[in-house]
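Written out below as structure tokens is the structure these notes cover.
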Amino acid sequence: MSDFLRINADLHMHGLYAGAVSKDMIPRVIAEQAPLKGLQLVGSADILNGRWLNLVKQQLEQVDESIFIHKNGTHFVLQTEVEDNRRIHHIILFPSLSKVQEVKERLAGKSADLDIDGRPKLYLGGAEIAQIAIDAGCLIGPSHAFTPWTAIFKEYNSLKECYGDLADKIHFIELGLSADTNMADRISELHRVTFLSNSDAHSPWPNKIGREFTTFTMKEITFDELSKAIRREGGRKPVLNVKFDPKEGKYHKTRCINCLTFFSALDAATCKWRCPICRSPIKKGVAERIEELADLKEPMHPDHRPPCLHTIPLSEIIALALKTKQPYSAKVQEMWKRFISKFGNEINVLIDAQPNVLAEIDQKTSELIVAFRNNQFSYVPGGGGVYGIPVPPGAEATMKVWKNGQVNETTLNEQIDSKQRSLSEFF
């Protein structure tokens with residue numbers, strides 16, 4: 001394996017022409033931020049969009065038919081996300097610009113916004129889109145597979161229901177922020193596919209880009225090598241999934257989208273998925289959806305499944321250390337820059353650096369990083385479209401839970417979660 005490289009790859013993000021995306025999300029800025037997170041390879045973002053493709057060509061250098069590169073060494077593989085006629089999102093990875101054009105030509109007349117929105121809506125089903133992509137030699141798979149708005153498993157119970165006879169040619173799924181390997185590997189149908197961790201970033205700043213990524217072993221950074229790694233061929237393979245703790249994801253637990261009260265799946269169904277407090281919709285959580293899909297009581301990881309490592313954006317930890325809710329504040333970012341200047345990138349800070357060396361920058365941040373490494377954080381879990389809240393040891397937080405026909409205020413602190421109990425025990 002000595003001739004293999006370890007490549008940290010974030011293969012799903014969006015440019016400024018997609019909806020709800022920062023104007024700072026341009027190729028040059030993405031490239032500048034990627035190495036600060038420890039990334040060598042990123043998705044190009046919305047490569048079917050003509051305006052975005054022009055920016056990619058202007059700000060990056062094409063090194064082969066499938067890869068662009070920034071002068072700092074950040075590599076970009078051709079990538080997009082599309083929405084099908086059931087509002088399901090799919091990631092497509094392209095082997096060349098000519099194949100981008102080929103797919104775009106086949107989609108002409110099947111979309112009203114190919115050159116308008118970075119994430120185009122297509123008048124086609126998942127199987128039809130997959131056929132076009134596979135015919136062009138692309139890789140395709142579902143985005144954030146379990147989230148309750150635009151994911152395959154909000155609509156279907158299996159890959160085959162969506163992709164039909166092409167299901168066995170789907171080689172990856174993207175887990176999304178609200179699920180991890182332990183959760184998804186309770187579904188035996190998914191044991192054969194590679195799990196991707198990606199940021200789905202809409203802004204380039206440190207708590208978004210690279211917040212999730214996959215580490216692959218590859219011989220060089222090309223589409224062919226990446227394709228082999230996703231397919232796990234010839235020694236190329238994923239060796240690590242780096243992710244949020246899924247409790248921090250926006251859709252981990254079932255929750256009212258307005259007053260943010262938590263519900264068990266049974267109580268939500270009894271209420272007909274309408275909040276009895278404010279009458280707003282209750283959104284089913286990823287944890288509850290996986291419980292419905294799972295055919296295994298406990299996860300059974302196939303031999304090829306790599307370890308899954310939970311991380312938290314460094315800026316969030318610094319904000320906790322400084323007792324501020326503003327990870328973008330000047331004070332937080334100044335300390336973030338000090339850590340990055342000393343250790344090179346966030347991965348080195350969060351995973352590798354020794355506590356005594358971290359403490360040379362800031363003692364409290366060092367203590368919180370160690371606590372996170374040791375699984376001593378609790379969470380007010382995410383749900384209803386709102387991110388979960390990390391709760392460090394010694395701190396307290398409350399959450400509203402509907403139980404026995406009324407709202408209960410539950411206090412969450414280190415004692416409640418001291419044995420890493422399942423969140424289902426709170427409901």
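The structure displayed is predicted, hence computed values, not measured ones.
A donor-acceptor pair under 3.5 Å links the side-chain atoms of His202 to the main chain of Ala20, judged by distance alone. Not a single donor-acceptor pair under 3.5 Å links the side chain of Asn207 to the backbone N or O of Pro313. The main-chain N or O of Pro238 is never found under 3.5 Å from a side-chain atom of Arg232 such that the two would form a donor-acceptor pair. Although no hydrogens or angles enter the test, the distance criterion places no donor-acceptor pair under 3.5 Å between the side chain of Glu316 and the main chain of Ile312. Under a 3.5 Å cut-off, the side chain of Glu65 and the backbone N or O of Ser96 do not form any donor-acceptor pair. Looking only at distances, no side-chain donor or acceptor of Ser22 sits under 3.5 Å from a matching main-chain atom of Ser203. Using a distance-only test at 3.5 Å, with no hydrogens or angles considered, no donor-acceptor pair links the side chain of Glu61 to the main chain of Ile69. Judged by distance alone, with hydrogens and angles left aside, the side-chain atoms of Asn374 form no donor-acceptor pair with the main-chain N or O of Gln376 at under 3.5 Å.
Ion pairing between Arg289 and Glu292 holds under the 4.0 Å rule for side-chain N and carboxylate O. Comment: Glu102 does not engage Arg106 in a salt bridge, judged by the lack of any side-chain N to carboxylate O separation of less than 4.0 angstrom. Note on Lys104 versus Asp115: salt bridge recorded, some NZ/NE/NH1/NH2 to OD/OE distance being below 4.0 Å. In this structure, Asp165 pairs ionically with Lys160, as a charged nitrogen and a carboxylate oxygen lie closer than 4.0 Å. Ion pairing of Asp267 with Lys403 is absent here, as no side-chain N (NZ or NE/NH1/NH2) approaches a carboxylate O to less than 4.0 Å. Salt bridge absent: Arg86 and Asp84 never bring a charged side-chain N and a carboxylate O closer than 4.0 Å.
Between Ala18 and Arg119, the shortest heavy-atom contact is CB-N, 4.2 Å. Asn258 and Ser280 get closest at one heavy-atom pair: CB-OG, 3.1 Å. The minimum heavy-atom distance linking Thr217 with Ala229 is given by the pair O-CB, 4.1 Å. The heavy-atom pair separating Val29 from Asp24 by the smallest distance is CB-O, 3.4 Å.
The OG1 atom of Thr147 sits 11.5 Å away from atom CG of Leu175, with the distance rounded to the nearest 0.5 Å. The distance from atom NE2 of His90 to atom CG of Leu124, rounded to the nearest 0.5 Å, is 9.5 Å. Between the CD atom of Glu174 and the CG atom of Leu196 there is a distance of 7.0 Å, given to the nearest 0.5 Å. Here the straight-line distance linking atom CD1 of Ile92 with atom SG of Cys138 works out to 6.5 Å at 0.5 Å rounding.
Phe153 and Phe146 have parallel rings, their planes meeting at less than 30° on a 0 to 90° scale where 60° marks the start of perpendicular. Between His14 and His12, the ring planes lie perpendicular to each other; the angle is over 60°, past the 30° to 60° tilted range.
Residues forming a salt bridge (charged side-chain N to carboxylate O under 4.0 Å, His left out) with Lys71 (at least two apart in sequence, or on another chain): none. Remark: His310 engages no residue in a ring-ring contact (aromatic ring centres under 6.0 Å, His included) (not counting sequence neighbours).
Open room surrounds CD on Gln326; 12 or fewer heavy atoms of other groups in view lie less than 6.0 Å from it. Dense packing is recorded around NZ of Lys400, with more than 12 heavy atoms of other residues, nucleotides or ligands lying under 6.0 Å away.
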Inset, instruction - Apply side-chain contact (heavy atoms from CB on, under 4.5 Å) to Leu296 and His191, showing your working. - result: CA-CA 12 Å; Leu296 301 170; His191 287 179; 3.6 Å; yes
